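What follows is a set of notes on a single structure, which appears directly below.
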Amino acid sequence: MRFLFDPEVNWKHPFVLLTGLTAVIASGSVVLLFLFLIVQSLPIFSAMGLEFFSGSDWIPGESYSVWPLVYGSITVTGLALVWVLPLALGSALYTSEYLPPRWRSVVKATMELLAGVPGILFGLLGVSFLAVWVQDVFGLIDGNTLLTASFLLAGMVLPTIMTLAEDALRAVPFEYREIARALGLTSSEITFGVVLPQALPGVVGAVLLGLGRAMGETVAVMLVIGGLDRLPNPWFDVTQPGQSIPSKLGREAAEALGSGLHWNALIASGLVLFLMVMVISLVGTRLLNKGNKMSREDCCGVGGGNEPSVKILVGKN
Amino acid sequence: MGDILRTHSACFSFWSATCILLAGGIACSIFFLPSFVIAEGLIRSGGSTTVLPVVSKAAAHYNRSHPGVRVTVSGGGSGVGIQGVGSGLLDIGLASREMTEAEKKKFRERGLQVHVIGRDAVACVVSSEIYEAGVTALTRQQIRAIYEGRIRNWQEVGGPNRQIVVIDKERHRGTRHVFMDYVFGDPSAHAAGVRLVTGSNNEEQAKIAQSHSAIGMLSFAWMNQEVRGLGLIEGERIIQPTQGNVDNGSYPIVRNLNLLLPAKAAPEAQGFLAFMLSENGQSIVEDLHYVPVRQSEGSHLAGEVPGIQ
C-alpha cells in the first residue's frame, strides 16, 4: 500500500481528502471517456469488422469506412509538420541562442499568446484568404483542399512547437556554452554541436505535442478541407479535397446522435483519433520531460524557470 | 505536500475552505442553471438553416412582446432539428424537409407534429461568372450528369472551358433532400462527381461566391448577385427561379418549411407556433422571400400545402 498511500500524509485532514477525491475524479474521467468510446464503438466493429479500416466509402445507412478520414488526418498533419518544422526550429534556435534576453521574453510572450488563439479564428482567416490564395497560386479549380488545411495547421501549431522547442534549447545549461566557447568553438559550432544534440529529446517532444494539437483541430480544418470522405485520386494528390476525423465528427455528430450504426461509426472514428493523439502526446511528453530533466540534473537550475510554460502548453492538448 | 499540510494546516484550512466553497458554488450553478431557465419559459428551437432566418426574426419579435418567455434558435440542419426535438434536446425542431421513414419510426413515441409555416423553393445555382458566360438554364439530365461526374467541364453545357466545381451538401440537409429528389428521384442519392461538401446555406453560398466555376443548390432566399439561380429546362419550357413561378405552382423544386413539436409540447412552444402562423408571423415569412401559408386556404398541417403536387 505504500506505493499508493504516503504514510506521512495526514489522511484525516479534509483538504487531503478533498484533493484526493478530485484527483480520483480527474483521472477517472479519462478512464470513463476511454471506456465510453470503446463500448459505444463496439457495434460498428461487430457489424463491419476490419472493413471499417480498409473500405473506401462513408455512406450513412450503408457502409462506413474510417480509412479516408485517417488518411486525411495523417496527410494534413504530416504536411503541416513539413511546413512548420524549419520555421519553428529556426526561430526557436535564434530566439534561444542569439536574441538579446529582453527581446527573447517579448518573442516568447507573443508566441505563447498566439498558441492560445482559438482555432476558429484561424479557420476564418483560412476560409477568407488562404483558400483563395491556394486556388490562385496553384491554379486549382477550387481552394478547399488537403493542402490548404495543412498550411492552416502549420500556422496554428507554429507557436506551440516554437515555444516548447525554445524551452528545451534554453534548458541546456549555460556552462556547456561557456565551456565550449572557452574551447574556442564558434557560435554556430556551439549551437549545432553542443546545444542542439543536448536538447534534441525535448525538441522532438515539442514537435510531437504540436502534432497532437494539429491532429485534434476541428473547426479550422473543417472550413477549408473540402469535406469529401474520399481518397484523392491519385492518392498523393493533396490539391484535392479530403476529410479529417475531427472535421467529420464536427459535421455529423449532431445529426447522428442516437441513430444506431452511424453514431457508433462516428464514435469509433473518435476512438481511432483518440488513440493516435494519445500515442503522439505520450511519446511527446515523455521526451520533453526527459530532455528537460536530463539538462537540469547537471546544471544548477538555470533552465528550471521555463517549466511552468511547458506545463501550460501541455495542458492545452 | 505532506510536510506542508502538517505544519501549516491551520493557515491552509481557510483558503481550502474558500476554494472548495467557490468550486462547489460554480458546480452547483452549472448543474441547476438549465432548470432555472426552463422554469422561466425557455423555448429551445434549432435545425434547418433554411427555416432559421424566419424563426430567429420571429423569435426576436416574440421575445420582445412576451417577457417571461425566451425563444432561442440554433442551426445545424434539418436532420439536427428532427433529431433534437425527437430526443428532447429541443422544444421546437426546424426542418426544411419531411421526416424520413426511419425518423418517423424512431421518434414515434414522441408523437411529433409537423406544422408548415411557409414554403420555399430550391434553386440550382452557379457562380456569377458561369451565369454571365451563358449558362442560364440546364435540364434535369444535365444537372444529374454533372453531379454524377459524367459532365466535368462547363463547355459541355455551353459554358466556358473550365472545370466544374460540384458542390454538395451534408447528407441530412433539407435542401439536399428536395434537390436530389428532383434531380435523381432519390432524396439520399449518392453523387460521385462532387468536389466539395458544405453544411449550412451560408457556407455553401460563400463557397460558390468565392469560386469562379461552381454549381450548387440553395434556397431562393440565399441567391444574390454572385450566386445566380439557373432556369430549369423541362421539355420546351424554361422555368425561371422566380417567386412568381413558385406562387403559380410551376416551379418544381418546392418544399415546406416545418416546425416540429412533440405531442405534449409546452404551452409556451404552442404559443410561439400560434404567433408564427398569425398574420404578424406570416409577414415575417414573406419579408424573407419565402411563401406564406395563410394565403392558401386549408389546413397548415403537414403534407397538404395547396399548389404542390
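Atom set for the values below is all heavy atoms of this structure, side chains included, hydrogens, waters and symmetry mates excluded. Below, chain A is the first sequence line, B the second, and so on; all start at residue 1. These figures come from a predicted structure and were not determined experimentally.
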Practice prompt. Walk me through it: do V127(A) and K207(B) pass the test side chain to side chain contact (heavy atoms under 4.5 Å, CB included)?
Written response: CA-CA 9 Å; V127(A) 84; K207(B) 294 243 158 115; 4.1 Å; yes

Discussion item. Checking K248(A) against E170(B) for the salt bridge (charged side-chain N to carboxylate O under 4.0 Å, His left out) test, could you report, in this order, the C-alpha distance in whole Å, the side-chain angles of both residues, the deciding distance, and whether it holds?
Written reply: CA-CA 10 Å; K248(A) 181 72 177 173; E170(B) 292 166 4; over 6 Å; no

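In this structure, E203(B) contributes its side chain and L223(A) its backbone to no donor-acceptor pair below 3.5 Å.
Two residues are said to be in side-chain contact when any heavy atoms from C-beta on lie closer than 4.5 Å; I59(A) and H190(B) meet this criterion. Counting heavy atoms from C-beta outward, H212(B) and Q135(A) have side chains that approach closer than 4.5 Å.
If you measure heavy-atom distances from R171(B) to chain A, the contacts under 4.5 Å come from the side chain alone. Neither the backbone nor the side chain of A209(B) comes within contact range of chain A; no heavy atom of the residue lies under 4.5 Å from a heavy atom of that chain. The contact between I164(B) and chain A is made entirely by backbone atoms, counting heavy-atom distances below 4.5 Å. For a residue to count as touching a neighbouring chain, one of its non-hydrogen atoms must lie under 4.5 Å from one of that chain's; by this rule T22(A) does not touch chain B.
Within 6.0 Å of CZ in R110(B) there are more than 12 heavy atoms belonging to other residues, nucleotides or ligands. Crowding of F129(A) atom CZ: a count of heavy atoms from other residues, nucleotides or ligands under 6.0 Å not exceeding 12. Within 6.0 Å of CD on E51(A) lie no more than 12 heavy atoms contributed by other residues, nucleotides or ligands.
Highest contact tally toward chain A, considering only Q163(B), E103(B), R195(B), is held by R195(B) [criterion: heavy-atom pairs under 4.5 Å].
Checking T198(B), L196(B), V197(B) one by one against N144(A), the side chain to side chain contact (heavy atoms under 4.5 Å, CB included) holds for a single residue, L196(B).
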